[in-house]
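Everything numeric in this text was worked out from a predicted model, so none of it was measured. Per chain, numbering begins at 1; letters A, B, ... match sequence-line order.
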Amino acid sequence: MTDKPRWFQTTAIDYPNSRPHIGTAFEKLGADVQARYRRMEGFDVYFLMGNDENTLKVADRAKELGQEPQAYCDDMARQFQHVWRALDISFDTFVQTSHERHKQCCRKFVQKVHDNGYIYKGSYEGWYCPGCEEFKSDKAHAEHAGQCPAHKRPLVRRSEPCWYFELSAFQDRLLKHLKETPEFVQPESRRNEMIGFIEAEGLQDLNISRHGEQWGIKLPFDPEFTIYVWFDALLTYVTGIGYGDDEATFRKHWPADVHFIGKDITRFHTHIWPAMLWAAGEEAPKKVFSHGFVNNNGEKMGKTLGNVVDPLEIIAKSSTDAYRYYFMRECPFPSDGDYSGQRFEEVYNSELANNLGNMLSRGLTLVTKNYESKLDGTANETPESVVPNLNLAEFVATVRGHVEACRYNLALQAIVQDFLTPTNQYLETNAPWKLVKTDKDAAKRVLFNAVQSLRIASILLKPFIPKSAEAIYTSFNFPKPWAEVEYADAAELKAQPDDLRVTAELVEGKVKPLFPRIG
RNA sequence: CGCGGCGUGGAGCAGCCCGGUCAGCUCGCCAGGCUCAUAACCUGGAGGUCGUAGGUUCAAAUCCUACCGCCGCAACCA
């Protein structure tokens with residue numbers, strides 16, 4: 001077990017101000033496909049998710065609902081995890097930043113950075129609204145003629161003590177790292193953006209303290225202050241694997257292989273986060289993958305626009321795998337995508353129902369009706385390829401490359417267009433339903449070959465639609481246990497020791513559609 | 001001159017980095033075939049001056065320049 005390569009990945013942790021929507025779910029899904037793929041490929045995967053609870057908004061929201069902040073957070077954490085489980089997100093741990101363990105580890109980290117000399121006391125000066133009891137940005141001051149937009153009262157210039165993280169000290173090292181480590185920020189366009197930002201504006205020291213808050217984590221060296229929520233949120237990635245209280249586990253997993261995040265928080269993860277780690281004497285993560293956003297019918301989605309879509313609604317009308325397939329197939333993970341109910345139906349019906357699902361029905365029915373579910377004499381026979389001009393090993397390598405680069409839409413496109421559709425053509429050309437009347441052995445051979453396509457497709461689709469892929473694979477007596485299949489198994493056509501037979505359960509002799517058409 | 005993305009047949013997209021084999025894919029539409037299958041599948045067809053104008057080149061959707069149009073971010077709605 002110890003010789004397995006390890007794979008530690010995270011998603012961004014969410015503010016639990018409101019329930020998850022299809023945008024937040026998009027990230028978890030993309031991350032989950034990667035985690036499932038890595039597990040198949042023999043990695044010792046650890047997949048961390050969590051909620052970011054030490055923000056004032058959370059405390060405010062709890063107060064609105066008349067709840068204790070902690071009770072509110074715990075309840076939201078339950079709800080989030082409920083949605084993630086409904087989507088078959090295979091996370092290994094779920095961190096809540098309001099929990100004591102995180103707080104303790106967090107304090108140790110901050111103390112370490114302080115001990116290393118990268119945190120200093122200074123003062124923050126800005127425009128302050130006595131009504132809001134908070135600082136407003138210079139921009140807000142300029143745009144509202146020096147008044148608070150909420151209270152319509154003049155903002156006052158105010159200065160107060162605070163603690164700074166010396167981000168500027170890492171500017172040169174960071175720029176060098178960004179330039180010399182192309183894989184550190186993906187996709188490429190984001191990396192260029194991050195390099196450009198430093199070159200144009202440089203890095204300013206960061207105020208990491210907040211004064212006079214009750215909710216949040218206190219600075220260990222100055223309990224008057226709480227830690228700025230971003231500083232504490234990023235630490236989830238290390239406190240969740242034992243930083244500060246379980247050295248062995250931490251050393252096993254860190255540095256992270258990849259952080260999956262939204263494009264809007266790329267700077268936090270590629271400027272501030274590596275600097276924080278270096279300041280504490282730790283390594284930077286190996287990769288930060290910045291994914292795109294999901295629109296709703298071409299429009300930006302947001303709470304204030306009132307057009308957020310709940311993943312559970314979509315699942316209720318279709319299925320978990322249909323949901324997973326749509327977003328991974330239709331929305332390019334590195335860039336933006338779009339959700340619409342109509343498009344969802346189109347993709348589902350044409351690719352899952354008519355193509356993949358229907359192919360399974362055809363295969364099962366033909367074998368069941370004509371050969372009583374068993375293809376005698378096929379044991380130890382090597383199947384032939386049903387797709388002309390396709391080098392199977394190369395094809396699988398291509399799909400693998402797409403999955404590893406998180407180009408999930410292209411991986412699925414290749415599976416459908418270059419593999420499933422040609423398999424349908426093969427069936428049409430060889431018409432085993434006709435052939436069986438004149439040459440039963442020849443027809444058997446055709447079916448034996450065609451069924452292999454289902455085996456291969458199910459393996460390649462396992463990270464994307466785990467339940468359905470399993471249902472396809474286990475419809476036949478393929479020798480290798482489902483839990484052990486890997487992509488390499490899809491790359492070759494092999495003989496099996498027993499005659500091929502149907503093991504799927506039939507209802508009154510009929511095949512139950514895997515993906516019933518919708519709409 | 002803030003930053004970034006995009007503009008390809010009716011709709012949605014791929015291709016552009018590494019110019020030619022590119023005008024491709026899905027949906028929709030029309031005609032035909034088949035009937036094993038979830039009214040599914042297969043074949044053929046109509047439909048595009050690849051935003052506009054220049055330039056480089058033997059050759060440009062693909063490289064360069066300018067312009068037009070749309071959209072994000074810049075304001076803690078992932």
Side-chain angles (χ1 to χ4, degrees), chain A residues 11-15 17-18 20-28 52 55-57 136-140 143-144 149 188-190 192-193 196-197 200-201 228-230 233 260-268 290-295 298-308 329-332 335-338 340 342-343 345-347 349-370 407 409-410 413-414 416-418 421-436 443 446-447 450 510-518:
Chain A
T11 60
I13 60 175
D14 299 305
Y15 284 131
N17 297 348
S18 56
H21 53 72
I22 58 175
T24 39
F26 185 51
E27 171 177 295
K28 316 311 172 201
D52 180 10
T55 160
L56 271 188
K57 293 223 165 158
K136 301 290 174 183
S137 66
D138 289 349
K139 194 156 281 179
E143 284 176 7
H144 296 91
E188 190 70 23
S189 56
R190 296 276 162 235
N192 295 337
E193 225 178 304
F197 185 96
E201 304 185 24
Y228 172 47
V229 66
W230 260 106
F260 289 102
I261 57 157
K263 62 182 183 181
D264 55 333
I265 53 176
T266 311
R267 271 204 65 222
F268 285 101
S290 181
H291 65 76
F293 285 173
V294 175
N295 291 322
E299 285 186 329
K300 189 187 164 176
M301 202 165 47
K303 280 166 221 153
T304 50
L305 290 169
N307 64 345
V308 291
R329 169 72 177 94
E330 190 63 12
C331 306
S335 32
D336 294 350
D338 191 43
S340 84
Q342 190 190 339
R343 187 73 192 138
E345 270 184 29
E346 275 177 21
V347 170
N349 283 336
S350 71
E351 298 191 356
L352 288 179
N354 297 351
N355 199 331
L356 179 62
N358 184 48
M359 189 184 298
L360 177 66
S361 296
R362 299 177 92 175
L364 287 175
T365 306
L366 284 163
V367 174
T368 308
K369 280 190 181 163
N370 298 301
R407 295 185 297 255
N409 60 321
L410 298 184
Q413 178 178 304
V416 172
Q417 288 177 15
D418 302 337
T421 296
T423 299
N424 265 324
Q425 290 165 345
Y426 172 82
L427 281 174
E428 210 63 31
T429 307
N430 293 284
W433 51 90
K434 211 182 275 180
L435 192 59
V436 74
V446 168
L447 287 175
K510 287 212 69 174
V511 176
K512 189 169 154 251
L514 184 61
F515 298 106
R517 281 179 62 89
I518 55 176

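Side-chain N or O atoms of A:Lys28 include one that pairs as donor or acceptor with a backbone N or O of A:Ala12 at under 3.5 Å. Between the side chain of A:Asn430 and the backbone N or O of A:Ala443 there is no donor-acceptor pair closer than 3.5 Å. A:Glu27 places no side-chain N or O within 3.5 Å of a backbone atom of A:Thr11 that could act as its donor or acceptor partner. The backbone N or O of A:Phe293 sits less than 3.5 Å from a side-chain atom of A:Asp336, completing a donor-acceptor pair. Looking only at distances, a side-chain donor or acceptor of A:His291 sits under 3.5 Å from a matching main-chain atom of A:Ile261. Remark: the backbone N or O of A:Gln417 is not paired with any side-chain donor or acceptor of A:Thr421 at under 3.5 angstrom. A donor-acceptor pair is defined here as one N or O able to donate and one able to accept, closer than 3.5 Å; no such pair exists between the side chain of A:Glu330 and the backbone of A:Arg343.
A:Gly337 and A:Pro332 get closest at one heavy-atom pair: CA-CD, 4.3 Å. For A:Ala450 against A:Thr423, the heavy-atom pair with the smallest separation is O-CG2, 4.4 Å.
Taking atom C1' on both nucleotides, B:A23 is separated from B:C50 by 8 Å, rounded to a whole Å. Comparing the P positions of B:G51 and B:G7 gives a spacing of 8 Å, expressed to the nearest Å. Using atom P as the reference point in both B:C22 and B:G28, the two lie 26 Å apart (nearest Å). To the nearest whole angstrom, the two C1' atoms, one in B:A60 and one in B:G20, are 9 Å apart. Comparing the C1' positions of B:A46 and B:C1 gives an interatomic distance of 47 Å, to the nearest angstrom. Here, B:U21 and B:A31 have their C1' atoms 31 Å apart, quoted to the whole Å. B:A14 and B:U8 have their C1' atoms separated by 10 Å, given to the nearest Å. Distance check on atom P: B:C27 versus B:C34 gives 22 Å, rounded to whole Å.
In this structure, A:Phe515 reaches the bases: a heavy-atom distance under 4.0 Å links it to at least one base atom across the strands shown. Counting non-hydrogen atoms under 4.0 angstrom, A:Lys512 reaches nothing in the nucleic acid. Nucleic acid contact for A:Glu27: none, since no nucleic acid atom lies under 4.0 Å from a heavy atom of the residue. Within the nucleic acid shown, A:Asn424 comes within 4.0 Å of sugar-phosphate atoms alone, with no base atom in reach, counting heavy atoms only. No engagement by A:Val308 is indicated, since no non-hydrogen atom pair under 4.0 Å with the nucleic acid exists.
Of the candidate nucleotides B:A40, B:C42, B:C76, B:C42 has the atom lying nearest to any side-chain atom of A:Gln425. The side chain of A:Val294 has B:A78 as its nearest neighbour among B:A78, B:C41, B:G72. Comparing atom distances between the A:Glu330 side chain and each of B:A78, B:G12, B:U38 picks out B:G12 as nearest.
In this structure, A:Ile265 atom CD1 and B:C76 atom P are separated by 13 Å, rounded to whole Å. If you take CG of A:Asn358 and P of B:C34, they are 18 Å apart, rounded to a whole angstrom. Residue A:Arg190 contributes atom CZ, which lies 15 Å from atom P of B:C3 at whole-angstrom precision. As a whole-Å value, the separation of A:Leu427 CG from B:A37 P is 13 Å. Following rounding to the nearest Å, A:Lys57 (NZ) and B:A75 (C1') show an atom-to-atom distance of 11 Å. Rounded to whole angstrom, the span from the OH atom of A:Tyr426 across to the P atom of B:A37 amounts to 19 Å. If you measure from atom CD1 of A:Ile518 to atom P of B:A40, you get 13 Å, rounded to the nearest angstrom. Note: CG (A:Leu514) to C1' (B:A37) measures 13 Å, nearest angstrom.
Comparing A:Trp230 and A:Asn349 by the nucleotide of RNA chain B whose heavy atom lies nearest to each, the residue mapping closer to the 5' end is A:Asn349. Heavy-atom nearest nucleotides on RNA chain B were determined for A:Asn409 and for A:Tyr15, and the one closer to the 5' end corresponds to A:Asn409.
Distance check, rounded to the nearest 0.5 Å: CD of A:Glu351 to CG of A:Asn358 gives 14.0 Å. Summarising the geometry, atom CD belonging to A:Glu193 is positioned 7.0 Å from atom OG1 belonging to A:Thr266; distances are rounded to the nearest 0.5 Å. To the nearest 0.5 Å, the span separating CZ on A:Arg267 from CZ on A:Phe197 amounts to 3.5 Å.
Helical stems in RNA chain B, defined as runs of 3 or more consecutive Watson-Crick or G-U wobble pairs with donor-acceptor distances under 3.5 Å: B:2-7 with B:68-73, B:10-13 with B:24-27, B:29-33 with B:41-45, B:51-55 with B:63-67.
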Report summary line: A correct 5'-to-3' footprint of nucleotides 21-33 of chain B, with B, S and - meaning base, sugar-phosphate only and no protein heavy atom under 4.0 Å, is ----S-S-----B

N/O to N/O distances under 3.5 Å, protein versus nucleotides 44-46 of chain B:
none

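Using a 4.5 Å heavy-atom cutoff, the side chains of A:Phe515 and A:Leu360 are not in contact.
The phosphate of B:U38 has OP1 or OP2 within less than 4.0 Å of a side-chain N or O from A:Lys510. Contact check, A:Lys369 against B:A37: a side-chain N or O comes under 4.0 Å of OP1 or OP2. Regarding contacts with the backbone of B:A78, every side-chain N or O of A:His291 stays at 4.0 angstrom or more from both OP1 and OP2.
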Query raised in the report: Which is it for A:Val511 and A:Arg362 under the side-chain contact (heavy atoms from CB on, under 4.5 Å) test, yes or no, and what are the steps along the way?
Result: CA-CA 9 Å; A:Val511 176; A:Arg362 299 177 92 175; over 6 Å; no

